[in-house]
Amino acid sequence: MKAFADKHWRYLVLLIGVAVILLPVAGEASLTHFYSLRMAAVQVFDGYVARTNAQNSASIGDGHFLWPDTLDHQQRSDAYTKLKSGGVEMQRVLPESGGQGKDVPGGMIHDWKGIVFIPGVKLEDVLKILEDYDHHSRYYAPDVQQARIESRDGDHFKVFMRFRREKVVTVVLDTEQDVNYFRDSLTRAHSRSSATRIAQVDNPDTAEEREKKPGDDDGFLWRMETWWRMEERDGGVYVQNEVVSLTRNIPMGLAWIVEPFVTKIPKETLEFTLQSTRKAVLDSRNRQP
């Protein structure tokens with residue numbers, strides 16, 4: 001009897017997840033109205049990103065290059081102890097913090113920072129992996145299905161990446177990203193990446209594969225901005241990543257069950273990315289003669 005109940009509960013959760021996340025915007029006034037909400041959400045998001053980028057730029061030279069350095073003495077000590085033991089430190093930045101506002105019409109802003117420590121490597125070892133986009137589908141599988149450099153001019157890259165996200169349901173997204181790297185010193189570097197195009201893919205890897213048009217997608221990911229920082233010290237390299245993304249909001253009445261599903265994805269993806277980066281750098285380093 002318990003097995004029967006568990007089975008039907010999982011089935012109910014699956015149906016709710018599919019109905020809320022992947023189906024078109026049923027129950028709202030119209031697709032046109034939803035598209036208008038999306039554009040309003042993007043405007044708020046753009047303002048949030050501009051403020052975040054200004055804060056990040058200012059912090060590069062103020063002695064707080066890595067976010068654990070902003071913590072009090074004991075918290076900072078605990079964070080670096082955890083990192084040197086192989087852990088991942090994560091921090092959620094709430095949109096309302098710093099007076100940045102949390103009201104996003106039709107959307108949700110997700111802002112997460114994470115950091116890992118890679119022992120026994122150099123800054124160049126990390127940059128070698130991060131800039132090797134043609135092999136990111138190997139380093140970051142299964143989250144990254146395809147990746148390639150479309151063009152490169154020095155430290156400026158234009159990159160195509162196909163993401164696959166799975167949590168009850170599966171979503172495939174084609175993205176084009178504009179990436180710039182900056183060498184701050186012999187031991188520090190940072191980068192800024194903007195997703196200039198994001199398209200949800202229907203029927204991926206089949207003859208019926210197609211990209212949904214903006215406004216016709218399911219709102220899994222509308223915008224994404226990424227900041228990396230790397231600092232070589234303490235016998236290795238600290239690698240920090242912040243991702244700010246925009247998704248559609250949660251319909252009223254189902255937030256209690258759907259919101260945890262949606263809000264966990266940005267954190268889990270970031271943690272996976274950092275762990276995969278550490279593994280790729282160490283594997284590459286160990287292969288060197």
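Positions are given from 1, in the same order as the sequence printed here.
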Measure from the side-chain N and O atoms of Thr81 to the backbone N and O of Ser77, and report whether any donor-acceptor pair falls under 3.5 Å. yes
Starting from the C-alpha separation in whole Å, work towards a yes-or-no answer on side chain to side chain contact (heavy atoms under 4.5 Å, CB included) for Trp228 and Leu130. CA-CA 10 Å; Trp228 288 88; Leu130 292 182; 3.9 Å; yes
Using a 6.0 Å cut-off, check whether atom CG of Asn203 has over 12 heavy atoms from anything other than its own residue. yes
How far does CD1 of Ile115 sit from CD of Glu89, to the nearest 0.5 angstrom? 8.5 Å
Consider only side-chain heavy atoms of I, L, V, M, F, W and Y, link residues closer than 4.5 Å, and tell whether Phe220 and Val201 are in one cluster. no
Could you pull out the closest heavy-atom pair between Gln240 and Leu66, with the gap in Å? OE1-CA, 3.3 Å
Looking only at heavy atoms, which two atoms of Ala147 and Ser137 are closest? And how far apart? CB-N, 4.2 Å
Closer than 3.5 angstrom, by distance alone: can the side chain of His190 be matched with the main-chain N or O of Ser57 as a donor-acceptor pair? no
Tyr80 and Asp69: side-chain donor and acceptor closer than 3.5 Å? yes
Is there a donor-acceptor pair under 3.5 Å between the side chain of Thr269 and the backbone N or O of Pro266? no
Any chance you could lay out the side chain to side chain contact (heavy atoms under 4.5 Å, CB included) test for Val144 and Phe163, step after step, and finish with the verdict? CA-CA 5 Å; Val144 178; Phe163 296 108; 3.9 Å; yes
Are Trp67 and Val244 grouped together when hydrophobic residues (ILVMFWY) are joined by side-chain heavy atoms under 4.5 angstrom apart? no
Considering all heavy atoms of both residues, which atom of Ile198 and which atom of Thr175 are nearest to each other, and what is their separation? CG1-CG2, 4.1 Å
Do Phe182 and Val126 sit in one hydrophobic cluster, given that two such residues count as connected whenever their side-chain heavy atoms are within less than 4.5 Å of each other, even indirectly? no
Run the salt-bridge test on Glu208 and Arg210 with the 4.0 Å N-O cut-off and return the result as yes or no. no
Which distance, rounded to the nearest 0.5 Å, do you find between the OH of Tyr181 and the OG of Ser193? 8.0 Å
So, does Arg92 use its side chain to make a donor-acceptor pair with the main chain of Asp111 at under 3.5 Å? no
Determine the interplanar angle of the Tyr140 and His136 rings, folded into 0 to 90°, and report it as parallel if under 30°, tilted if 30 to 60°, perpendicular if over 60°. perpendicular
Any ion pair linking Asp234 and Lys84 (charged N to carboxylate O, less than 4.0 Å)? yes
Determine whether Asp202 and Glu209 make a side-chain contact, defined as any pair of heavy atoms from C-beta on separated by less than 4.5 Å. no
Between Arg148 and Asp134, is there a salt bridge with N-O shorter than 4.0 Å? no
Side chain to side chain, Val116 and Tyr238, heavy atoms closer than 4.5 Å: no
Identify whether Val93 and Val44 are in the same connected component of the hydrophobic contact network (ILVMFWY, side-chain heavy atoms under 4.5 Å). yes
Between Lys82 and Asp78, is the closest basic N to carboxylate O distance under 4.0 Å? no
Looking only at atom types and distance, does a side-chain atom of Asp125 sit under 3.5 Å from a main-chain N or O of Lys122, one as donor and one as acceptor? yes
CG/Leu274 to CD1/Ile118 distance, rounded to the nearest 0.5 angstrom? 9.0 Å
Quick one: does Glu225's side chain get under 4.5 Å of Val243's, heavy atoms only? no
Please answer whether the main-chain N or O of Leu71 pairs with a side-chain N or O of Arg76 as donor and acceptor at a distance below 3.5 Å. yes
Within the 4.5 Å heavy-atom criterion, are Val281 and Lys279 side-chain neighbours or not? no
Leu246: which of Met224, Met108, Arg223 passes side-chain contact (heavy atoms from CB on, under 4.5 Å): Arg223
Compare every heavy atom of Pro119 with every heavy atom of Leu282, then report the nearest pair and how far apart it is. CD2-O, 3.7 Å
Carboxylate-amine/guanidinium proximity below 4.0 Å for Arg233 and Glu231: yes
I'd like to check Phe117 versus Val239 (side-chain heavy atoms, cut-off strictly below 4.5 Å). Are they in contact? no
Do the side chains of Val179 and Ile149 join up, straight or via other hydrophobic residues, at under 4.5 Å, putting them in one cluster? yes
First locate atom CG of Leu83, then atom CZ of Arg278, and finally report the distance between them rounded to the nearest 0.5 Å. 8.5 Å
Approximate separation, where rounding is to 0.5 Å, of Asn241 CG and Thr273 OG1: 6.5 Å
Looking only at the side chains, is there a donor atom on one of Trp227 and Asn53 sitting less than 3.5 Å from an acceptor on the other? yes
Does Asp143 form a salt bridge (Lys or Arg N to Asp or Glu O under 4.0 Å) with Arg165? I'd like the steps, not just the answer. CA-CA 6 Å; Asp143 277 16; Arg165 301 285 187 259; 3.8 Å; yes
For a quick test of reading the model, state the closest non-hydrogen atom pair linking Trp222 to Ala41 and the distance between them. CZ3-CB, 4.3 Å
Does the pair Asp132 and Tyr139 meet the rule for a side-chain hydrogen bond (donor to acceptor under 3.5 Å, both in side chains), with working shown? CA-CA 10 Å; Asp132 186 17; Tyr139 303 147; 2.6 Å; yes
Short question: side chain of Thr196, backbone of Glu176 - any donor-acceptor pair under 3.5 Å? yes
Here the gap from His110 atom NE2 to Lys267 atom NZ, rounded to the nearest 0.5 Å, amounts to 14.5 Å
Geometric cation-pi criterion, Arg188 with Phe65: 6.0 Å, 45°: yes
Quick check: do Arg229 and Asn56 have side-chain heavy atoms less than 4.5 Å from each other? yes
Quick one, Arg183 with Glu232, criterion salt bridge (Lys or Arg N to Asp or Glu O under 4.0 Å). Give me CA distance, side-chain angles, the key distance, then yes/no. CA-CA 12 Å; Arg183 312 298 177 99; Glu232 181 182 329; over 6 Å; no
State plainly whether the residues Arg192 and Glu242 are in salt-bridge range, i.e. N to O under 4.0 Å. no
Walk me through whether Asn180 and Ser191 qualify under side chain to side chain contact (heavy atoms under 4.5 Å, CB included). CA-CA 5 Å; Asn180 285 284; Ser191 72; over 6 Å; no
Heavy-atom pair of closest approach, residues Thr187 and Leu123: C-CD2, 3.7 Å
Give the intermediate values and the outcome of side-chain hydrogen bond (donor to acceptor under 3.5 Å, both in side chains) for residues His156 and Asp153. CA-CA 5 Å; His156 179 213; Asp153 182 10; 5.5 Å; no
By the definition side-chain hydrogen bond (donor to acceptor under 3.5 Å, both in side chains), identify the one residue from Arg162, Gln146, Gln145 that meets it with Asp174. Arg162
With distance as the sole test, does Ser276 use its side chain to make a donor-acceptor pair with the main-chain N or O of Phe272 at under 3.5 Å? yes
Run the side chain to side chain contact (heavy atoms under 4.5 Å, CB included) check on Leu270 and Lys113 step by step: do they pass? CA-CA 8 Å; Leu270 177 57; Lys113 293 180 181 180; 5.5 Å; no
